Amino acid sequence: VETCRRAAEIHPFFCAQACNNGKKSTAECRTCRAEFRAACECPDFCKPLIRDAALCVEQGGTWDQVLSHNFDNVFNSMLLLIEISTTEGWVDAMYAACDTNWLPYVQPVRDASHPVWMALFILWILFSFMFLMNLGVGIIVDKFMEMRQMGKDIISPMQLRWIKSRLSLQKRGSIFTLMDLHLLSPVRRKVYHFTEHPFFERTIMTCIVLNTLLMGVVSFPELDSPTMWAWRYSQEILNYFFAAVFTIEAIFKIYALRSAYFKDAWNLFDFVCVVATLAGIGLSVAESGINVSSVASVVRIFRIARLFRLLKFKALRNLKKLFQSLAISVVKLANVGVVAFLFLVLFSILGVSLFSAVSTESDTHDEHGNFKHFANAFITLFRASTGEAWNEIMHDLHKDEGDWFNAGSWCTPAFLFDTDSKYEVLKDKCLIDHPNACVVTLFGDWNALPWLFWVGYTWFIGLVIMNVVIAVILDGYEETKSSDEGSIIDTCKWLWGKKFDPDHRMSIPFTDAIKFIVEAIRVLQKEGVIGGERVNVNLPDSTDSLSGFGIDFSKFPLKFARALDLKPTPRVEFHVAVRQVLRFATIVESNSQVDAIQELDQCDEKDDRKDIQRLRALEARDEALQAEGEAMALHIAAIRVQRVVRAAIKKLQRRRKGKGPRRDADGKEIAPTAQGREDFLRRTAAAEALAASQPGGALPPQAG
């Protein structure tokens, strides 16, 4: 009582207007303080109000806070700032603060203090969400990249690219859909070339885009007018036209490819779409009475997926990389998904044990989002992982008995809601089927479990796990961005089939293979697929018996010759030639080509890497890569050395025959001596021995 009396005398708001300025002895002041003491002595039943709050209650209203969060104390303020740091409900909090009047117990006024609070909230969002949160993303991504490198052997990016390039080449199935075209009939060969022509492919792609746009202009409900009737008729005619185009495409390809048509996934997808479309048209024309509208709708939806064929165009190479990075990330996200699933299961079980008996009559903790059982808890937490209303569910779970009473309802105290010892009593009161227990409190009346649960969940799932997902996606994008082996192989395929092997025999003569490698590098550098020093190599034909390869390798730069690990064989397979192009593409982009060649040669020595072991197993099955003999670089070096040595021998022989006496600087004749003759014979013998010792130069591959 004494405490309430002293509080009434010193309270800064209550009775201040009635008792200030010498009015303490007035009846108005004494009555006001008596009412305040009465409210202070029974806080569970009385709530003192003044100004607009008192008028609101007197007129039958309730004086409650606008939002579920507030700045009433330091802890609530920190909790509110954490909530809006996740961008959840920060706009509502800002507008409520802007409408707040500076006087207590006064009705909020629109934009009463908006310049101040709006600036503060915007600054906090800029600092917390756009800086601190993104800084946390950067730290998590950096730590993820660091942990990826832990436990791995030291391997350079160039070696890793070389391994990935060879794996990509070996994993390719059939390079061309049809091979040995020279064995086909003339009609079938012409049909195959027609279906493989870029004009035919562009025509089909245009029809796919137009058909998709036609499906995109459908609306519901359609107006019943002559204009709409004409439009529906036009749509039907266009659908028949596109169905005919896709059917003709399938017929041509099946005729040309035969069984090879069904080995391609896109061909299978197109075939299913064509068959389903023709079946739907047949049933509708026959008026069989079968309702095929739903099936036709599903088929039309799958036809939209044909748009992904646009990724085959070179102009959309960057878009293709994005889809490739998505595909790589999906595979890598399996481990992260398992971790996220475990956290969801753990928090779901914890949520059921803590909040399963809490009433579901709140605004957000309702029948759609609750913890009654594991399935509901899992769905609720998964929804909250996207930041959807997690803070409102937290505040609904934080309600105590007074909050429920002020809202016109009630909740059973946690110590009374004991399903073990009082199950029958709770069952009779229908509290088992419709529970409404209050949340368990800590240290008396401190209801901190909802705060600890939801803030911890948001930090673990929303800020850590989701950012690890971002790190995995970025890693997949970087991996796709730094590797162009797919584009390199596609360019080699196009050049091989267009110029060097139009019959798709999958092997060409050795001379053509060298020209193919050089020209492929030029095309790749011209298209910007690879960079590095421009490869300007001139390979004129040669009939010199010393070369034996049909190419004058004296014009071939040694810095590029050192990169050749191709072995001289009568014919070179496609995989062998493209493997050499991939090797060139890796080397020419390096700063030091000599060091790059050494790194690539040392790459296969790392036996403890799984990718190298898998690569060896794949290349062991390729007989063309198992050819014996010295690498072509040694042959080119031997040819160049032999040319130099033999040129020197001829020069010495011409001097030996003596087309004129040797003269000194003054023009006087130099008489030959026995010692000079012995020196000449010794140098000639040494040069001939050196030329005979060089490997392979005098043993070129045989024709055919």
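Just so you know, these numbers come straight off a predicted model, no measurement behind them. The analysis underlying the following values was restricted to heavy atoms, covering all of them including side chains, and did not include hydrogens, waters or symmetry mates.
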Out of curiosity, [X] [atom1] to [Y] [atom2], how far, rounded to the nearest 0.5 Å?
X      : Y      : atom1 : atom2 : result
Gln107 : Cys56  : CD    : SG    : 7.0 Å
Ser348 : Phe343 : OG    : CZ    : 12.5 Å
Leu344 : Leu381 : CG    : CG    : 6.5 Å

Quick check: closest heavy atoms across [X] and [Y], and the distance to 0.1 Å?
X      : Y      : answer
Ala7   : Phe36  : C-CE2, 3.8 Å
Cys273 : Thr277 : O-OG1, 2.7 Å
Leu67  : Ala93  : CD1-CA, 3.5 Å
Ala377 : Phe371 : CB-CD2, 3.5 Å
Leu397 : Asn447 : O-ND2, 3.8 Å
His365 : Ser359 : ND1-O, 3.0 Å

Assess whether atom [atom1] of [X] is packed by more than 12 heavy atoms of other residues, nucleotides or ligands within 6.0 Å.
X      : atom1 : result
Phe71  : CZ    : yes
Trp410 : CH2   : yes
His368 : NE2   : no

- Task: Please name all residues satisfying side chain to side chain contact (heavy atoms under 4.5 Å, CB included) with Thr100, sequence neighbours left out, ordered by chain then number.
- Result: none
- Query: Taking 4.0 angstrom as the limit, do Arg30 and Glu35 come out as a salt bridge?
  - Reply: no
- Should Val439 and His398 be marked as a side-chain contact (heavy atoms from CB on, under 4.5 Å) after you check the CA-CA gap, both sets of side-chain angles, and the distance that decides it? CA-CA 7 Å; Val439 178; His398 183 259; over 6 Å; no
Quick check: do [X] and [Y] have side-chain heavy atoms less than 4.5 Å from each other?
X      : Y      : value
Ile122 : Leu126 : yes
Cys19  : Arg33  : yes
Phe460 : Ile465 : no
Leu350 : Tyr457 : no
Leu167 : Arg614 : yes
Leu120 : Met94  : no
Met394 : Glu83  : yes
Cys98  : Met118 : yes

- Note on the structure: For Tyr95, the ring pair (Phe, Tyr, Trp, His ring centres under 6.0 Å) test, sequence neighbours excluded, returns none
- Message: With side chain to side chain donor-acceptor pair (under 3.5 Å) as the rule and sequence neighbours excluded, what pairs involving residues 72-81 come up?
- Response: Asn70-Asn76
- Item | Pairs meeting criterion side chain to side chain donor-acceptor pair (under 3.5 Å) with involvement of residues 380-390, two or more places apart | Thr86-Trp390
- Is there any disulfide (SG to SG under 2.5 Å) pair reaching into residues 337-406, and which pairs are they, with sequence neighbours excluded? none
- Item | Pairs flagged by disulfide (SG to SG under 2.5 Å) wherever residues 355-437 is involved - sequence neighbours left out | Cys411-Cys438
- Message: Before we go on, tell me: are the rings of Phe355 and Phe453 under 6.0 Å apart, centre to centre?
- Response: yes
- Message: Treating Ser409 as the side-chain partner and Trp404 as the backbone partner, does any N or O pair qualify as donor plus acceptor under 3.5 Å?
- Response: no
- Item | Side-chain donor/acceptor of Ser168 to backbone N/O of Lys164, under 3.5 Å | no
- Message: For the residue pair Asp366 / Thr360, report whether a side-chain donor-acceptor contact shorter than 3.5 Å exists.
- Response: no
- Under 3.5 Å, is there a donor-acceptor pair linking the side chains of His434 and Glu361? no
- Is there a side-chain contact (heavy atoms from CB on, under 4.5 Å) between Trp459 and Val464 once you walk through the steps? CA-CA 6 Å; Trp459 278 351; Val464 178; 5.7 Å; no
- Identified side-chain contact (heavy atoms from CB on, under 4.5 Å) partner of Ile84 from the options Ile82, Thr87, Leu80: Leu80
- Chi angles and distances behind the side-chain contact (heavy atoms from CB on, under 4.5 Å) call for Ser85, Trp124: CA-CA 8 Å; Ser85 295; Trp124 174 251; 3.4 Å; yes
- Verdict with reasoning, Arg6 to Arg37, per side-chain contact (heavy atoms from CB on, under 4.5 Å): CA-CA 9 Å; Arg6 291 183 58 84; Arg37 287 196 300 270; over 6 Å; no
- Residues Phe382, Phe347; criterion ring pair (Phe, Tyr, Trp, His ring centres under 6.0 Å); working and verdict: CA-CA 10 Å; Phe382 184 79; Phe347 275 95; over 10 Å; no
